[in-house]
Amino acid sequence: MTKRWMIPALAVAALTVTVPTATANAQATAEPTARGGHGQGHGQGGHKVKCTFIPTPDNPAAKPVHPPRPRARNRGTVEVTLKTNFGDIKIRMDRRAAPCTVHNFVSLTRQRFFDHTQCWRLTNSERLGVLQCGDIYRAEEGGPGYKFADELTGKETYPRGTVAMGNWGPDTNSSQFFLVHSHANIPPAYTVFGKVTKGLNVLDRIVAGGIIPGPTNPQDGQPKHPVKIIKVLVRH
């Protein structure tokens with residue numbers, strides 16, 4: 001970012017016990033900066049948890065969408081397909097690990113927020129290998145107009161195939177997420193909410209296409225060949 005993500009916006013962009021919620025830090029850096037706790041997801045009885053989605057008037061919605069309802073299921077999985085111009089990427093999302101995060105992704109998918117968008121950031125260094133998506137205008141810009149808390153245990157790792165939330169600091173999740181195509185040696189500060197079950201070869205082709213060098217790192221910039229999300233499908 002100028003505001004650098006968060007994954008890495010991806011920053012080390014971007015799965016969960018309850019720990020004290022940290023104060024949000026809106027400053028973004030060139031690598032992951034979140035340090036937040038699980039600020040939500042307390043049991044309400046049954047199989048649902050409470051989620052809080054906070055408006056961000058300084059960063060209004062890039063598309064007309066509504067925040068999700070404040071209660072999310074915390075059992076089961078969700079099967080998601082990212083249909084891209086490079087091929088399909090299938091993801092299994094874990095409601096138990098990150099109920100509010102999965103709830104948010106499903107809500108945005110149903111409102112077609114991710115359809116006809118672009119994955120603006122690709123990194124391929126010894127420390128960080130991710131594809132960042134979910135921003136509407138460009139890397140780090142263009143979210144849904146609200147934010148929500150991290151869902152972390154403090155023991156998160158980010159091996160190949162991990163799907164996690166990007167952010168701009170603790171508890172600033174919105175629509176930005178990243179897929180790990182190789183590895184991400186980053187702090188456990190980005191909510192993990194799924195894994196790629198099919199389509200790692202698609203990520204490999206994207207990486208093989210190269211990167212347009214960024215201003216500070218030749219291995220961190222836009223994909224040389226634009227990566228477009230044509231449509232996102234979700235199945236419970």
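Along the sequence shown, residues carry numbers from 1.
Using a 4.5 Å heavy-atom threshold, the side chains of H116 and K228 count as separate. C133 places a side-chain heavy atom less than 4.5 Å from the side chain of L179. D204 places a side-chain heavy atom less than 4.5 Å from the side chain of R160. At least one side-chain heavy atom of V163 sits less than 4.5 Å from a side-chain heavy atom of V196. Two residues are said to be in side-chain contact when any heavy atoms from C-beta on lie closer than 4.5 Å; F148 and N104 meet this criterion. Side-chain atoms of V102 and D94, non-hydrogen and from C-beta on, never get closer than 4.5 Å to each other. Counting only heavy atoms from C-beta outward, the side chains of P226 and Q118 approach each other to under 4.5 Å. Within the 4.5 Å cutoff, the side chain of C119 has heavy atoms near those of the I229 side chain.
A distance-only check finds no donor-acceptor pair linking the side chain of N173 to the backbone of K147 [under 3.5 Å]. A donor-acceptor contact shorter than 3.5 Å links the side chain of D171 to the backbone of D150. Looking at T77, its side chain never comes within 3.5 Å of a backbone N or O of R92 through a donor-acceptor pair. Judged purely by atom type and a 3.5 angstrom limit, T109 uses its side chain to pair as donor or acceptor with the backbone of F105. Between the side chain of T56 and the backbone N or O of D58 there is no donor-acceptor pair closer than 3.5 Å. The closest donor-acceptor contact from the side chain of H181 to the backbone of V130 lies under 3.5 Å. Not one N or O on the side chain of R96 forms a donor-acceptor pair closer than 3.5 Å with the backbone of R75. With hydrogens and angles disregarded, a donor-acceptor distance shorter than 3.5 Å links the side chain of H103 to the backbone of R69. Formation of a donor-acceptor pair under 3.5 Å by the Q132 side chain with backbone atoms of L122 is not found in this model. Of the possible polar contacts, one joining the E156 side chain to the T153 backbone as a donor-acceptor pair under 3.5 Å is found.
Distance check, rounded to the nearest 0.5 Å: OG1 of T172 to CH2 of W168 gives 6.5 Å.
Scanning for salt bridge (Lys or Arg N to Asp or Glu O under 4.0 Å) contacts around R112 gives an empty result, with sequence neighbours left out. K231 is linked by a salt bridge (Lys or Arg N to Asp or Glu O under 4.0 Å) to D115, counting only residues two or more places apart in sequence or in another chain. In terms of the ring pair (Phe, Tyr, Trp, His ring centres under 6.0 Å) criterion, F113 has no residue partners (sequence neighbours excluded).
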Which is it for L82 and D88 under the side chain to side chain contact (heavy atoms under 4.5 Å, CB included) test, yes or no, and what are the steps along the way?
CA-CA 6 Å; L82 304 182; D88 290 359; over 6 Å; no

Decide side chain to side chain contact (heavy atoms under 4.5 Å, CB included) for I230 and T84; before the verdict, give the C-alpha distance in whole Å, the side-chain angles of both, and the deciding distance to 0.1 Å.
CA-CA 5 Å; I230 300 165; T84 81; 5.9 Å; no

Side chain to side chain contact (heavy atoms under 4.5 Å, CB included) between I211 and K224: does it pass, once the steps are laid out?
CA-CA 5 Å; I211 297 171; K224 186 170 291 185; over 6 Å; no

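Summarising the geometry of P60 relative to P57, their closest heavy-atom pair is CD-O, 3.6 Å, with the distance given to 0.1 Å. Residues S182 and G129 approach most closely at OG-CA, 3.3 Å, considering heavy atoms. Residues V65 and P144 approach most closely at CG2-O, 3.7 Å, considering heavy atoms.
Counting heavy atoms of neighbouring residues, nucleotides and ligands inside a 6.0 Å radius, atom NZ of K63 exceeds 12 of them.
Ring planes of Y146 and F53: perpendicular class, angle over 60° (limits at 30 and 60°).
A salt bridge is defined here as a Lys NZ or Arg NE, NH1 or NH2 lying under 4.0 Å from an Asp or Glu carboxylate O, and R127 with D220 fails to meet this definition. Salt bridge annotation for E79-R235: absent, with no cationic side-chain nitrogen under 4.0 angstrom from a carboxylate oxygen.
Between the side chains of E151 and T101, a donor-acceptor pair is found at a separation under 3.5 Å.
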